[in-house]
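Computed from a prediction, not measured in an experiment: that's the story for all the values here.
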Amino acid sequence: MKKLIAKFNVLILFLLLSPGGFAQDLKEIDQYIIKARQGWNIPGMAVAIVKDGEIVLSRGYGFLTAGKSERVDEHSLFAIASNTKAFISASLALLVEQGKLKWSDKVHEILPHFRLYDPYVTSQATVEDLLCHRIGLGTYSGDLMWYKSELTAAEVVGKIQYVPQAFGFRDGYGYSNLMFIAAGEVIHAISGQPWDAFADSAFFKPLKMDRTVTSTRVLTQTTNVASPHKPYSGGNQVIDWVNWDNMGAAGGIISSAHDMAQWIKLQLNEGINEEDTIFSVRQQQMMWSTHNARQLTDRDRELIPGKIYKGYGLGWSLDTYRNKQVVSHGGGYDGMYSKVMMVPEEDLGIVILTNSMKGISDPLCFYIIDRFLGAEVRDWSAQMLSYQGTGGPGRIEQLQSAKAKKSKPTLDLNAYTGDYYADMHGRVTISIEDKQLKLAFENAPALNATLNHWHYDTWEINWNEDHAWFGFGLLQFKLDVDLTVKGLHFDVPNYDIFFDELDLVKIR
């Protein structure tokens, strides 16, 4: 009944308000997106808007690949990255409803190889804890274990015990992809299906998300696929798709604006698809309730009108905008960003998928919400674009300016070679080839590099392949007082993949 009423309301709006009102708003939203994409220099993007149970806008903007002619449409595939997390929470909610699992179940009793930094925390961590970033690990901490790694998801989970504690158990917020990888393994252990097979049968098929896939391995046989791009000054560099299978439960879904609109419709319709209940209102309330409060800063209040709190549910970020509840999540993949934002009180949902790593999604979402609320129109795109590059010199510039002009290594090159090891990351080998030092990761050969002398006992890392999240980096050999090489220290400035967590000790 709710769905029929919603359809009727949308029809009435179109009939009564065209060519002004609602239809005019959609036309101006469409034009605003076109202008914003050009201003942010985004190669391509897809946007869908759901209002009152109907998809009122669903289309593509720009190009699948910079410099080529194929255009994006509503069915073009993009990585949704961490928007995958809501599918994981919903999958576990289904298992709870089926009586196969409780939110309070202890993870280590389901996954015997699951260990954390402390035996007590290991014994107490629940399924609920996995999904709300309160386990005690720092934001993105340990992500280097899975990034471009050949480790399986189960092997990554087995190494979580080596990731250091950042704050008290259930006493802070640290965004953890590792916990969602573990959650995917819980789904497998309880249901007997890998997380992606479970999500396909539980959500993709019933919602007719026919284009949605969970691995880059199928993309070579798929058409209408956006290319990832790494931004640089004045342009966008096309980069390869990176396989995220070992962390797929934290960010592996690849979808389209049209398909994600079906997911939004399900969320706004309280778990009901057509006449079938996929998950209950009770479970949606569980996922949309605050399980981890976050600090609201003065900047938050200044930037976002009516923002009075922020927190995290289970796989969803919870905020307010213009004094209305907002349920949302972002996603960041190598060369792509995504955003889902919903205002449940207004039965309004938005998905934005881009093939670049620029923050256009939030300003577009705020602009769209303003139009539907009838609020004062604000040029969010121009305002947030003006913030880009205003932070002053960064860590890379500091490192480059501190380079000694004339120096040489303390030791002969052969003294730096050998095997280095850390439980968290395995073995790293330094060798000599053509009179140059070479860096090789046992578990992640995609991170291998050539080392060029920088100054003293520090070398610049020249990666064998391009990486989306980082580029410039330095590697320092740590010497003891007797000038014996004892270990390695990395300084690779970026906000996502933390090489400085590598505590490598020379073992040979």
Side-chain angles (χ1 to χ4, degrees), residues 138 140-141 143-144 147-148 229-237 239 334-335 357-358 387-422 424-425 427-442 444-508:
Y140 305 138
S141 185
D143 278 357
L144 186 58
Y147 184 69
K148 296 194 175 180
H229 297 78
K230 179 179 180 177
Y232 64 91
S233 178
N236 294 281
Q237 175 190 351
I239 59 176
D334 297 57
M357 302 169 70
K358 297 179 181 178
Y387 291 157
Q388 305 301 304
T390 59
R395 177 63 179 162
I396 293 177
E397 290 76 15
Q398 292 173 358
L399 290 172
Q400 291 173 337
S401 64
K403 180 181 180 180
K405 295 182 179 180
K406 293 183 179 181
S407 69
K408 62 181 181 179
T410 303
L411 306 172
D412 181 79
L413 285 187
N414 287 297
Y416 300 103
T417 63
D419 292 334
Y420 299 77
Y421 181 83
M424 191 171 164
H425 297 285
R427 187 186 305 267
V428 172
T429 299
I430 302 294
S431 61
I432 296 178
E433 183 180 324
D434 297 329
K435 299 181 180 181
Q436 283 189 302
L437 294 181
K438 300 288 183 176
L439 170 69
F441 287 77
E442 179 183 27
L447 297 178
N448 292 353
T450 296
L451 303 179
N452 291 336
H453 186 249
W454 183 255
H455 63 193
Y456 304 111
D457 297 307
T458 299
W459 269 255
E460 182 179 4
I461 304 168
N462 291 285
W463 310 101
N464 291 355
E465 61 181 63
D466 291 324
H467 303 292
W469 305 104
F470 52 86
F472 177 82
L474 299 176
L475 173 61
Q476 178 189 14
F477 291 89
K478 297 189 290 186
L479 275 58
D480 207 341
V481 292
D482 61 357
L483 299 184
T484 300
V485 179
K486 294 296 184 181
L488 300 177
H489 173 72
F490 285 80
D491 197 336
V492 183
N494 73 97
Y495 296 106
D496 297 275
I497 307 298
F498 300 150
F499 284 82
D500 58 347
E501 290 186 327
L502 280 169
D503 187 16
L504 292 159
V505 176
K506 190 173 185 182
I507 59 174
R508 185 183 64 85

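How far OH of Tyr416 is from CH2 of Trp459: 4.0 Å, rounded to the nearest 0.5 Å. In this structure, the separation between CG on Leu502 and NE2 on His489 is 10.0 Å, given to the nearest 0.5 Å. Between the CH2 atom of Trp463 and the CG atom of Leu447 there is a distance of 6.0 Å, given to the nearest 0.5 Å. Put simply, CG on Asn448 and NZ on Lys148 are 11.5 Å apart, with the number rounded to the nearest 0.5 Å. For the atom pair CG (Leu437) and CG (Asn414), the distance works out to 9.0 Å, reported to the nearest 0.5 Å. Rounding to the nearest 0.5 angstrom, the gap separating the CE atom in Met357 from the CG atom in Asn236 is 11.0 Å.
The minimum heavy-atom distance between His455 and Ala404, with the atom names listed, is ND1-N, 2.9 Å. Nearest heavy-atom pair, His425 versus Leu144, reported as atom, atom and distance to 0.1 Å: CE1-CB, 3.5 Å. Taking both residues in full, the closest heavy atoms of Asn464 and Ala449 are given as OD1-CA, 3.4 Å, listed atom of the first, atom of the second, then distance. Across all non-hydrogen atoms, the minimal contact from Ala468 to Gly335 is CB-N, 4.0 Å. Counting all heavy atoms, side chain and backbone alike, Ser407 lies closest to Tyr456 at OG-N, 3.0 Å. Across Pro231 and Lys358, no two heavy atoms sit closer than the pair CB-CE, 3.6 Å.
A heavy-atom distance below 4.5 Å is not found between the side chains of Tyr420 and Leu439. For the pair Ile430 and Leu451, the minimum side-chain heavy-atom distance is below 4.5 Å. Taking the side chain as every heavy atom from C-beta outward, Leu411 and Leu483 approach each other to under 4.5 Å. A 4.5 Å side-chain heavy-atom check between Tyr147 and Phe470 finds at least one atom pair inside the cut-off. In this structure the side chain of Leu504 reaches within 4.5 angstrom of the side chain of Phe490, judged on heavy atoms.
Of the possible polar contacts, none joining the Lys506 side chain to the Leu488 backbone as a donor-acceptor pair under 3.5 Å is found. In this structure, the side chain of Ser401 engages the main chain of Glu397 through a donor-acceptor pair within 3.5 Å.
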For this session: Step by step, work out the salt bridge (charged side-chain N to carboxylate O under 4.0 Å, His left out) result for Lys478 and Asp503.
Result: CA-CA 11 Å; Lys478 297 189 290 186; Asp503 187 16; 3.8 Å; yes

Exercise. Do Ile497 and Val492 pass the side-chain contact (heavy atoms from CB on, under 4.5 Å) test, and can you show the C-alpha distance, the side-chain angles, and the key distance before you say yes or no?
Worked result: CA-CA 9 Å; Ile497 307 298; Val492 183; over 6 Å; no

For this session: Could you check Asp466 against Gln237 for side-chain contact (heavy atoms from CB on, under 4.5 Å), going step by step and ending with a plain yes or no?
Result: CA-CA 10 Å; Asp466 291 324; Gln237 175 190 351; 2.7 Å; yes

For this session: Take Asp491 and Arg395 through the test side-chain contact (heavy atoms from CB on, under 4.5 Å) and record every step on the way to the result.
Result: CA-CA 9 Å; Asp491 197 336; Arg395 177 63 179 162; 2.5 Å; yes

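With sequence neighbours excluded, the residues forming a side chain to side chain contact (heavy atoms under 4.5 Å, CB included) with Glu442 are Arg427, listed by chain and number. Take Asn452 and apply the side-chain hydrogen bond (donor to acceptor under 3.5 Å, both in side chains) test, not counting sequence neighbours, and it matches Gln436.
Between the side chains of Asp496 and Asn494, no donor-acceptor pair is found at a separation under 3.5 Å.
Between Phe499 and Phe441, the two ring planes are perpendicular [angle over 60°; tilted spans 30° to 60°].
Remark: Asp434 CG is loosely packed, at most 12 non-hydrogen atoms of other residues, nucleotides or ligands lying under 6.0 Å away.
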